[in-house]
Asker: 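Quick one: the structure is below, questions incoming.
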Amino acid sequence: MRKRDLFKQILTLSLAAVLACGTFTGCGGKESEGQAAQESPVTEEQEDDKGTESAENTENTENTESGGDSGDLTTITILCKDRRYDDILLADREEYLVWRKFDEMLAEAGLRLEFESVPTEQLKTVVQTRLAAGNDLPDIIVAEYMDEQSLVALGEKGIIADVKAAIDQYSNGNTLSWWDKYWDVEKRLTTADGAIYWYPSLATDMLHGDEYKGTGFCLQIRQDWLEKLNLEMPETLQELQQVLTAFREQDANGNGVQDEQITVRLDSFQNGFAQSFGLANKLIQVDHNGKAVSPWLQPGIKDYILYMKGLVEAGLIDPGMMTDQVVEGKITENVSSALYSYVGQSWYEPMTGDEDAVYAPVYPIYSDAYEPSFFRENKALVYHQYVVNANTDKMEAVVRLFDLIYTPEYGELSTFGVEGEWFQWSEDGTRKELIEYTDEEKAEKHITIGNALFGNVCVPVVTMHEDEPSSYECKREFEDFIQTLDNDFETNPRVAMSTSDETETYNKYITTLDTYSTELLVDLVLGNRPIEDLEDAVEEMKAMGLEELLEVYQARSDRYWAQ
């Protein structure tokens, strides 16, 4: 995601796998690879919380207050989860310097926080139940696991507040100015009636100190095997297949078996190969021109299926490559000749057990007939929902809290932690994480950043992350190269909030179509269904609502760009 050296550490700032987020639901996900972000993968991220198995008793809650003298402070109550990571608990916050710094900021704003925390695994059930009842609610509720339209419905019923109206009445200007800086929050979250029903988490990235288009996902092949066999980096899919065949036939991993194989998923368009044919990464996407598209209706679909079918028939990819677990298993066996992941990933090389392993990004074309597409993680992410009780008598204080959160000062504390404890400034003006302690020692000494202790736990994440260049030269060069690409699809498409009618249409068709699409793709690639069935199958999908879904996304895209 964002130079994923951080991914290897339990206290990483991931969004990622944000982050994928689906357009009708809150972000959260794993790279799928990408789930950074998908409705889906996400990818993910969008970022998966690391939790233990869910406890059975949803009544297990904790009421705790932030420290400090409450004399002149207004107390805000928050229903939230108890942790983001298993070894960093909200209940232990007073032992962390980063919390005490945050608490000082709160006190300066005349605020203190009181929490009703529940085990992370139970948050969704507890929040849904409490909001459905609509009474005895705290001032703020962490509703990240609820879908957006359900929250809009609660807003229309007067259970949760229109925070835009509250901002207009009480804000000092921080919130809207910060929202506008990178994120276009109002364009994304404003309903047709002009309301906004939640405060979001925000994240943005920089590269080499400058704003940039954002990183993304790509095919990567074993550069060390290329060098070992004296082969050139492929530039076309035809050359790529020749290289991958040579890896296999010449026993590139040196184990005496022809077992080298591609480890990308066959049941998804998000695998890098599809993008060489210009295809979108999922059933419905919005391209860089704001047009809603589906890979099934794009020109390269037939040639893509035939190409992947050829890879399977040549033994270059296992027909069982359908899950992330299978993919990662092959990587740990050191048989993965090519994979699909974040451009700057650095965690798969160690997984191979080969100290010389390097996965180098590759961007092969199929033919001049198709401009390759690129699946990019947005440089600025808007995700999660923090809703406000419409009947709170502390609305001005709530707005003041978020005016504090949407500031560079909070963003730095949540992203980078405390200077001298978590990071120090380098001579070149960049922050460098202190390395005096191991991750275990940091946990033992209660040293962390805000985003690991309270961000995405009780208050929003605000991440202002400066990507550091990858330690791999090939990935650094490719990261610069992808900034020149325009034909991209984003993890979070730029679309306006859906209307109730649009959500109804989406819910009516999406599950059946998604299932059909996945099964059809697998059947065609594996030869269980002849390619001659493709045209009829696409017509079946149209009859199942594919064009109606495209119309929903197109309308949302048009509204976004019209603002």
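Just so it is clear, the model here is predicted, and its values are computed rather than measured.
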Asker: Under the criterion side chain to side chain contact (heavy atoms under 4.5 Å, CB included), I'd like the reasoning laid out for F273 against I262: C-alpha separation, chi angles, the key distance, then a yes or no.
Answerer: CA-CA 11 Å; F273 286 99; I262 305 162; 3.7 Å; yes
Asker: Could you please spell out the steps behind the side chain to side chain contact (heavy atoms under 4.5 Å, CB included) verdict for L279 and I301?
Answerer: CA-CA 7 Å; L279 300 183; I301 182 64; 4.3 Å; yes
Asker: Should the pair K542-E539 be classified as a salt bridge under the 4.0 Å nitrogen-to-oxygen rule?
Answerer: yes
Asker: Sub-3.5 Å donor-acceptor pair from the side chain of R265 to the main-chain atoms of M321, do we have one?
Answerer: no
Asker: List for me each residue that meets side chain to side chain donor-acceptor pair (under 3.5 Å) alongside K124, sequence neighbours excluded, and say none if there are none.
Answerer: none
Asker: For residues E502 and A555, report the shortest heavy-atom separation together with the two atoms involved.
Answerer: OE2-CB, 3.5 Å
Asker: Carefully, step by step, assess F217 and F375 under the rule ring-ring contact (aromatic ring centres under 6.0 Å, His included).
Answerer: CA-CA 6 Å; F217 307 86; F375 183 40; 5.1 Å; yes
Asker: Does P460 reach the side chain of H384, with side-chain heavy atoms less than 4.5 Å apart?
Answerer: no
Asker: List the atom of Q483, the atom of K213, and the distance in Å for their closest heavy-atom pair.
Answerer: OE1-N, 2.9 Å
Asker: Just how far is it from atom CG of D224 to atom CD of E355, taken to the nearest 0.5 Å?
Answerer: 11.0 Å
Asker: Side chains of N334 and N255: any donor to acceptor distance under 3.5 Å?
Answerer: no
Asker: Could you state the interatomic distance from CG (L283) to CG (L546), rounded to the nearest 0.5 Å?
Answerer: 6.0 Å
Asker: Is it true that a side-chain atom of T505 and a backbone atom of D501 form a donor plus acceptor pair closer than 3.5 Å?
Answerer: yes
Asker: So, T491 and N378: side-chain donor and acceptor under 3.5 Å apart, yes or no?
Answerer: yes
Asker: Apply side chain to side chain contact (heavy atoms under 4.5 Å, CB included) to residues E260 and W225 and explain how you reach the verdict.
Answerer: CA-CA 11 Å; E260 294 79 0; W225 290 358; 3.7 Å; yes
Asker: Salt bridge or not between R529 and D533? Use side-chain N to carboxylate O under 4.0 Å.
Answerer: yes
Asker: How far apart are the closest heavy atoms of Q250 and L229, and which atoms are they?
Answerer: OE1-CD2, 3.7 Å
Asker: Checking Q258 side chain against F247 main chain: does a donor-acceptor pair fall under 3.5 Å?
Answerer: no
Asker: Tell me, please, which residues at least two apart from D303 pass salt bridge (Lys or Arg N to Asp or Glu O under 4.0 Å).
Answerer: none
Asker: State, with a plain yes or no, whether a side-chain heavy atom of K508 is found less than 4.5 Å away from one of E504.
Answerer: no
Asker: May I ask you to test the C218-F478 pair for a side-chain heavy-atom distance under 4.5 Å?
Answerer: yes
Asker: State the CG-OG distance between D486 and S373, to the nearest 0.5 angstrom.
Answerer: 12.5 Å
Asker: Passes ring-ring contact (aromatic ring centres under 6.0 Å, His included), Y366 versus F277? Steps please.
Answerer: CA-CA 6 Å; Y366 176 74; F277 295 83; 4.5 Å; yes
Asker: So M544 and Y516, do their side chains get closer than 4.5 Å, heavy atoms only?
Answerer: yes
Asker: Walk me through it: do L240 and L219 pass the test side chain to side chain contact (heavy atoms under 4.5 Å, CB included)?
Answerer: CA-CA 11 Å; L240 178 60; L219 279 171; 4.2 Å; yes
Asker: Are K475 and Y472 in a cation-pi setup, meaning NZ or CZ lies under 6.0 angstrom from the ring centre and within 45 degrees of the ring axis?
Answerer: yes
Asker: Quick one, N271 and M308 - any side-chain contact, counting heavy atoms below 4.5 Å?
Answerer: yes
Asker: To the nearest 0.5 Å, how far apart are CD in E548 and CG in L513?
Answerer: 9.0 Å
Asker: Would you find a donor on one side and an acceptor on the other, under 3.5 Å apart, between the side chain of D354 and the backbone of D356?
Answerer: yes
Asker: Just verifying a value: how many Å separate S557 OG and K291 NZ, rounded to the nearest 0.5 Å?
Answerer: 11.5 Å
Asker: With distance as the sole test, does E239 use its side chain to make a donor-acceptor pair with the main-chain N or O of E235 at under 3.5 Å?
Answerer: yes
Asker: Can the ring centres of Y304 and Y307 be said to be less than 6.0 Å apart?
Answerer: no
Asker: I'd like to know if the side chain of D523 reaches the main chain of N528, judged simply by a donor and an acceptor atom lying under 3.5 Å from each other, with no hydrogens or angles considered.
Answerer: no
Asker: Do Q261 and S336 have side-chain atoms, one donor and one acceptor, less than 3.5 Å apart?
Answerer: no
Asker: For the pair Q220 (side chain) and Y342 (backbone), establish whether a donor and an acceptor sit closer than 3.5 Å, ignoring hydrogens and angles.
Answerer: yes
Asker: Mark yes or no for whether Q285, through its side chain, and E490, through its backbone, hold a donor-acceptor pair below 3.5 Å.
Answerer: yes
Asker: Would you check if the side chain of D251 reaches a backbone N or O of G256 as a donor-acceptor pair within less than 3.5 Å?
Answerer: yes
Asker: How close do Q241 and A314 get, heavy atom to heavy atom, and via which atoms?
Answerer: NE2-CB, 4.5 Å
Asker: Restricting to salt bridge (Lys or Arg N to Asp or Glu O under 4.0 Å), what partner residues turn up for K309, sequence neighbours left out?
Answerer: E313
Asker: Would you say R556 and S498 make side-chain contact, with heavy atoms under 4.5 Å?
Answerer: yes
Asker: State which residue, out of L485, T484, D480, fulfils the side chain to side chain contact (heavy atoms under 4.5 Å, CB included) condition with I482.
Answerer: L485
Asker: If we count only N and O atoms by modelled type, under 3.5 Å, do the side chains of N451 and T463 hold a donor and an acceptor together?
Answerer: yes
Asker: For a 4.5 angstrom cut-off between non-hydrogen side-chain atoms, does P234 reach I221?
Answerer: yes
Asker: Report yes or no: does K302 contribute a side-chain atom to a donor-acceptor pair with the main-chain N or O of L534 at less than 3.5 Å?
Answerer: no
Asker: Within this structure, what is the CE-CD distance for the pair M351 and Q345, rounded to the nearest 0.5 Å?
Answerer: 9.5 Å
Asker: Could you tell me whether the side chains of W296 and S517 share a donor-acceptor contact shorter than 3.5 Å?
Answerer: yes
Asker: Given side chains that start at C-beta, do those of Q128 and M146 come closer than 4.5 Å, heavy atoms only?
Answerer: yes
Asker: Distance only, no hydrogens: is a donor on one side chain within 3.5 Å (strictly under) of an acceptor on the other, for D147 and S150?
Answerer: yes
